[in-house]
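To start, the structure itself, in structure tokens.
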2 protein chains.
Amino acid sequence: MKEKNIKETICAVDYAFRRIGGKYKGRILWHIYNNEVLRFGELKRHITDITTKMLTQTLRELENDNLLFRKVYPEVPPKVEYRLTDVSKSLIPFINQLREWGITQMKKENIPIREHEASKK
Amino acid sequence: MKEKNIKETICAVDYAFRRIGGKYKGRILWHIYNNEVLRFGELKRHITDITTKMLTQTLRELENDNLLFRKVYPEVPPKVEYRLTDVSKSLIPFINQLREWGITQMKKENIPIREHEASKK
DNA sequence: CCGCATCCACGATGATACTG
DNA sequence: CAGTATCATCGTGGATGCGG
């Protein structure tokens, strides 16, 4: 049966796409990078078209895949923070370049670009 | 209803991922780049885990999205060649960078890497 | 040889309600 | 606040057969 496990992967391009592919992974990493640290609710507000379920699920995948660090504060109300790991930090240059490529293309096609307002401290 | 159209896209990261995301797009572009031009059957042999249907479908998407150029030779038996466009060529550096990141990670995890044998002429 | 058409299974995603 | 649980649905992709 379908080995979902990445161990049997062959091509590096394939491997990389499996790790950061998916509908929201790129954007999540990018937003966290821009803010250094984000809480669950903040992320949800940044990525407006994601549901609670998908956000939770994707965050878990990224965490299990060692691309996100999750810190839970044992408080009431709860507080959970997400940060990049060293591995995902090493991925940022790529995402950024891809983003610049996207901007170039979008300008060519006159597609309005929504910049994510990084709450730069 | 669900606007599949990319026109309403907002974030450039999202835009870029939509264009080259997907299970096979990255690999297809990469293989064609490595060989400059590939025929349908050659592509299918390179990407061993793809079905005829998915290959056809993905190639169409890439073509419609201006990331592939398709040339049909009116012969019997048929012959169809696929090449990169200027737009997808401008994308290659990023794919390559992503690939290098993948290679680094795979080495860390001792995952065997299958190099695609580019039939360098 | 290079596809396209059809049918079908299943996983991915969405909507909504509920909880510690 | 940060999720979980459940149900419905939609798209992706596989299998097969046909056709120029």
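Chain naming here is simple, since letters A, B, ... match the order of the sequence lines and numbering starts at 1 in each. Because the structure is a prediction, the values reported are computed rather than measured.
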Applying a 4.0 Å non-hydrogen cut-off, can you work out what B:Y82 is touching in the nucleic acid: base, sugar-phosphate, or nothing?
sugar-phosphate
Can you tell me if A:R70 touches the phosphate of D:dG3, counting only side-chain N or O atoms and a distance under 4.0 Å to OP1 or OP2?
yes
Under 4.0 angstrom, heavy atoms only, what part of the nucleic acid is B:Y24 near: base, sugar-phosphate, or nothing?
sugar-phosphate
Is the shortest side-chain N/O distance from A:R60 to OP1 or OP2 of D:dA2 below 4.0 Å?
no
Would B:Y15 and A:E109 satisfy side-chain hydrogen bond (donor to acceptor under 3.5 Å, both in side chains), going step by step from the backbone distance to the final call?
CA-CA 12 Å; B:Y15 170 89; A:E109 301 177 47; 2.7 Å; yes
Nucleotide C:dC1, atom P - distance to CG of B:L59 in whole Å:
17 Å
Given atom CZ of A:F40 and atom P of C:dG20, what is their separation to the nearest angstrom?
18 Å
Let's see if you can work this out: which of C:dG3, D:dA2, C:dG14 has an atom nearest to the side-chain heavy atoms of A:K23?
C:dG14
Rounding to a whole Å, what distance do you find between B:Q57:CD and D:dG13:C1'?
8 Å
Between A:I50 and A:P77, which has a closest nucleotide on DNA chain C that is more 5'?
A:I50
Rounding to a whole Å, what distance do you find between A:E75:CD and D:dG3:C1'?
16 Å
So, is A:R39 close to the D:dA2 phosphate, meaning a side-chain N or O under 4.0 Å from OP1 or OP2?
yes
Note: for B:G41 and A:G22 on DNA chain C, the residue whose nearest nucleotide lies more 5' is B:G41
Taking side chain to side chain contact (heavy atoms under 4.5 Å, CB included) as the definition, give me every residue that meets it alongside A:K89, ordered by chain and number, with sequence neighbours left out.
A:L84, A:D86
Tell me: NZ of A:K53 to P of D:dC7, nearest whole Å?
12 Å
Send over the distance from B:K71 NZ to C:dG3 P, rounded to a whole Å.
15 Å
5' priority, DNA chain D, between B:T51 and A:P78 [closest heavy atom]
A:P78
Charged N-O contact under 4.0 Å between B:D49 and B:R27
yes
Qualifying residues under side chain to side chain contact (heavy atoms under 4.5 Å, CB included), relative to B:R70, sequence neighbours excluded:
B:R60, B:E63, B:V72, B:V80, B:Y82
Between atom CZ in A:R18 and atom P in D:dT12, what is the gap in whole Å?
18 Å
Tell me whether B:N35 contacts the main-chain N or O of B:H31 through its side chain, where contact means a donor paired with an acceptor under 3.5 Å.
yes
Rounded to whole Å, please give me the gap between CE in B:M54 and P in D:dT16.
17 Å
